[in-house]
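The model shown is predicted, which means the values in this text are computed figures rather than measured ones. Computed over heavy atoms, backbone and side chain alike; hydrogens, waters and symmetry mates excluded.
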Amino acid sequence: YCGTAPDSERLLLEPALAAWKHQPAADMWRQRLTSATASGTSVSLACECLAGLGDQASVPTMLTIVSDSTQDYQRRFAAAKSAALLQPEQTLAAAEVLVKRGQPERLIAVALLDSDLPAALERATALCGDPADAVASAAWQQVFRRKPELLQPLLAVGLQHRDATIRSTTARVLRLYPDADRVTKLHQLRSDTHIQVRNVARQMLERVAVEQPPLRPQIIGLAVDSLQPASKDWQGIEQSLVLLGQLRESTFSPQCLSLINYPRNEVMVSAAWLIHLFPDLAVRDQVLQATFEAEELIYDPKEEGRTHGLKQALLFQYLGILRVSEIEEVLKKQFNKTVPGGEERRGAAMWALGLLNERKPDPALLRRCHERIKDCS
């Protein structure tokens, strides 16, 4: 069936044949490697399946595809990956030819070097400094997967590299081999301009804090020190707030209050999130005041585009958990579907009202809740 099936069906069926180590399928896949009419997808699939079968006899044909610059790039790349799995000693020699050519050829060379052979790892590590970002990024990721300790001498370059994936990979290496200096470098990366890098750096800091308890105080201290309302580093502040929440650090609501109207929405909402995550009675009055202020800001035309509604939704939850009754009238206003601020704000208000009236139901409030449940408009 696979011999005549369209690519869409082959993509589903043939990996199963390879996983079952169904050797009779090897002849079909070998023939496809030399077919002039087979699609790039089918040839790539054949290479992957032959590698899955451990079919070393197909390596010469794969290397012929790799070395033929007139062939489709997809075929060549798949052939390189599969050949490296089957005969890494042979692909090493082919890679040495391609590393002297253009960027697409060097990308194929990286695939040819994807093995644990010391010589292949050494050559792949050298390609981490390739002038083309795509080649360098592919090499960084491959070496990280195979032998990340080889990247340690390149960390200074990786931290400043213009490619975001390389900077993310650098963060992952820093986490594997942490010390006080590398924790500081990870902390700096959480302010990166690229969201992927920031998120990875924060994730790595969290793991180091869990895996290396002696470094945890430094990680927390750096995060707390960055919570400065005058700072322009909104990316770093946001990531620090999230990190403190992930680490279950529950004593920093006062620092969060100073950020509750920060110019960036990301910081403002993250500060409210951390406050509501660990409700601290010591800041009760300040949170109540901030909630009243947010109620006014939501209606202020100058604040258009600001997410005061989402911020207030989190503060509503804080006040509900602590049963702060002074906010009840503001919460009741949210029954009106025309109020601005978003559905999260209205939902949080309903939830907080439930907590304020727990075990002492108000008949008028119950009627309003029933009306909202039955209103399908």
Original post:
Transitively linked via ILVMFWY side-chain contacts under 4.5 Å: F278 with L247?
Top reply: yes
**OP:** Consider only side-chain N and O atoms of R182 and Q152, and report whether a donor and an acceptor are under 3.5 Å apart.
**Re:** yes
**OP:** Begin from the C-alpha positions of E328 and K333 and carry the test salt bridge (Lys or Arg N to Asp or Glu O under 4.0 Å) through to its verdict.
**Re:** CA-CA 9 Å; E328 187 162 1; K333 291 180 183 179; over 6 Å; no
**OP:** For residues W140 and D163, determine if any side-chain heavy atom of one lies less than 4.5 Å from a side-chain heavy atom of the other.
**Re:** no
Original post:
Is there a donor-acceptor pair closer than 3.5 Å between any side-chain N or O of E329 and the backbone N or O of E326?
Top reply: no
**OP:** I would like to know whether S270 and E266 meet side chain to side chain donor-acceptor pair (under 3.5 Å); could you show each step before the answer?
**Re:** CA-CA 6 Å; S270 296; E266 297 91 337; over 6 Å; no
Subject >> Over all atoms of both residues, closest heavy-atom pair of G236 and S226 >> reply: O-OG, 4.3 Å
Subject >> Minimal non-hydrogen separation, A209 against I219, with atom names >> reply: N-CD1, 3.6 Å
Original post:
Does the distance from a Lys or Arg side-chain N to an Asp or Glu carboxylate O, for R202 and E206, drop under 4.0 Å?
Top reply: no
**OP:** Indicate yes or no for a side-chain donor-acceptor contact from Y299 to the backbone of P340 under 3.5 Å, with no hydrogens or angles considered.
**Re:** no
Original post:
Are R167 and Q196 side-chain neighbours, meaning at least one heavy-atom pair lies under 4.5 Å?
Top reply: no
Subject >> Heavy-atom neighbours of K337 NZ exceed 12 at 6.0 Å >> reply: yes
**OP:** Using distance alone, with no hydrogens and no angle criterion, decide if R346 and Q334 have a side-chain donor and acceptor under 3.5 Å apart.
**Re:** no
Original post:
How far apart are the closest heavy atoms of A352 and G320, and which atoms are they?
Top reply: CB-CA, 4.0 Å
Original post:
Just by modelled atom types, is the L50 backbone N or O under 3.5 Å from a matching donor or acceptor in the W29 side chain?
Top reply: no
Subject >> Side-chain donor-acceptor pair present, T41, S39, cut-off under 3.5 Å >> reply: no
Subject >> Gap separating the OG1 atom of T169 from the CD atom of Q142, nearest 0.5 angstrom >> reply: 12.0 Å
**OP:** Check step by step if side chain to side chain contact (heavy atoms under 4.5 Å, CB included) holds for C369 and F335.
**Re:** CA-CA 8 Å; C369 288; F335 277 103; 4.0 Å; yes
Subject >> Electrostatic pair D116:K147 at N-O distance under 4.0 angstrom >> reply: no
**OP:** Rounded to the nearest 0.5 Å, what's the gap from CG on L365 to CE on M350? Could you check?
**Re:** 8.0 Å
Original post:
Any side-chain heavy atom of V66 within less than 4.5 Å of one from R75?
Top reply: no
Subject >> Residue pairs fulfilling salt bridge (Lys or Arg N to Asp or Glu O under 4.0 Å) with at least one residue in residues 50-70, sequence neighbours excluded >> reply: R30-D55
Subject >> Spacing of L63 atom CG and L112 atom CG [to the nearest 0.5 Å] >> reply: 7.0 Å
Subject >> R175 bridged to E211 by N-O distance under 4.0 Å >> reply: yes
Original post:
Between R264 and E238, is there a salt bridge with N-O shorter than 4.0 Å?
Top reply: no
Subject >> Check: S35 side chain, A38 main-chain N or O, donor-acceptor pair, under 3.5 Å >> reply: yes
**OP:** Begin with the C-alpha distance, continue with both residues' side-chain angles, and end with the deciding distance and a verdict on side chain to side chain contact (heavy atoms under 4.5 Å, CB included) for R368 and K332.
**Re:** CA-CA 9 Å; R368 298 186 75 175; K332 288 179 179 177; 4.0 Å; yes
Subject >> Distance-only donor-acceptor check, side chains Q212 and D179, under 3.5 Å >> reply: no
**OP:** For the pair Y318 (side chain) and R284 (backbone), establish whether a donor and an acceptor sit closer than 3.5 Å, ignoring hydrogens and angles.
**Re:** yes
Original post:
Are side-chain heavy atoms of F252 and I220 found at a separation under 4.5 Å?
Top reply: yes
Subject >> Heavy-atom closest pair, residues A271 and L241 >> reply: N-CD1, 3.6 Å
Subject >> Shortest non-hydrogen contact between A164 and V197, atoms and distance >> reply: O-CG2, 3.3 Å
Original post:
Is H276 close to F316 at the side-chain level, that is, under 4.5 Å between some pair of heavy atoms?
Top reply: no
**OP:** Tell me, with the steps shown, if R367 and H370 meet side chain to side chain contact (heavy atoms under 4.5 Å, CB included).
**Re:** CA-CA 5 Å; R367 282 195 301 273; H370 282 291; 5.7 Å; no
Subject >> S67 (side chain) donor-acceptor with T64 (main chain) under 3.5 angstrom >> reply: yes
Subject >> Spacing of D7 atom CG and C2 atom SG [to the nearest 0.5 Å] >> reply: 11.0 Å
Subject >> R216 and E249 ion-paired at < 4.0 Å >> reply: yes
Original post:
Can you find a heavy atom in the side chain of Q71 that is under 4.5 Å from one in the side chain of V43?
Top reply: no
Original post:
Charged N to carboxylate O below 4.0 Å: is that the case for K81 and D114?
Top reply: no
**OP:** Mind running side chain to side chain contact (heavy atoms under 4.5 Å, CB included) on L113 and V110 for me, showing each step along the way?
**Re:** CA-CA 5 Å; L113 296 168; V110 174; 5.6 Å; no
Original post:
Considering only heavy atoms from C-beta outward, does the side chain of V242 approach that of L274 to under 4.5 Å?
Top reply: no
Original post:
Counting distance only, does the side-chain N/O of R198 pair as donor-acceptor with the main-chain N or O of Q239 below 3.5 Å?
Top reply: no
Original post:
Which distance, rounded to the nearest 0.5 Å, do you find between the CD of Q255 and the CG of D225?
Top reply: 9.5 Å
Original post:
Does E344 use its side chain to pair, donor to acceptor, with the backbone of L310 at less than 3.5 Å?
Top reply: no
Original post:
Between the side chain of R323 and the main-chain N/O of I321, is any donor-acceptor distance below 3.5 Å?
Top reply: yes
Original post:
Cut-off 3.5 Å, side chains only: do Q141 and S137 have a donor facing an acceptor?
Top reply: yes
**OP:** Nearest 0.5 Å please: distance from the CD1 atom of I166 over to the CG atom of D133.
**Re:** 6.0 Å
Subject >> Ion pair check, R190 and D233, cut-off under 4.0 Å >> reply: yes
Original post:
Any Lys/Arg nitrogen of K185 or D181 sitting under 4.0 Å from an Asp/Glu carboxylate oxygen of the other?
Top reply: yes
Original post:
Quick check: are there more than 12 heavy atoms from other residues, nucleotides or ligands sitting under 6.0 Å from CD of E89?
Top reply: yes
Subject >> E358, CD atom: more than 12 neighbouring heavy atoms under 6.0 Å >> reply: yes
Original post:
Do the non-hydrogen side-chain atoms of L259 and L227 ever get within less than 4.5 Å of each other?
Top reply: yes
Subject >> Flag, side chain of K360 to backbone of L356, donor-acceptor distance under 3.5 Å >> reply: yes
Original post:
If you measure only the distance, is there a donor-acceptor pair under 3.5 Å linking the side chains of S42 and R10?
Top reply: yes
**OP:** Answer with yes or no whether the side chains of Q218 and T184 bring together a donor and an acceptor at under 3.5 Å.
**Re:** yes
Original post:
So among L151, L150, T170, which one has a side-chain contact (heavy atoms from CB on, under 4.5 Å) with F144?
Top reply: L151
Subject >> Closest non-hydrogen atom pair between V200 and S168, with its separation >> reply: CG1-O, 3.7 Å
**OP:** Indicate whether any N or O donor in one side chain lies under 3.5 Å from an N or O acceptor in the other, for N265 and K311.
**Re:** no
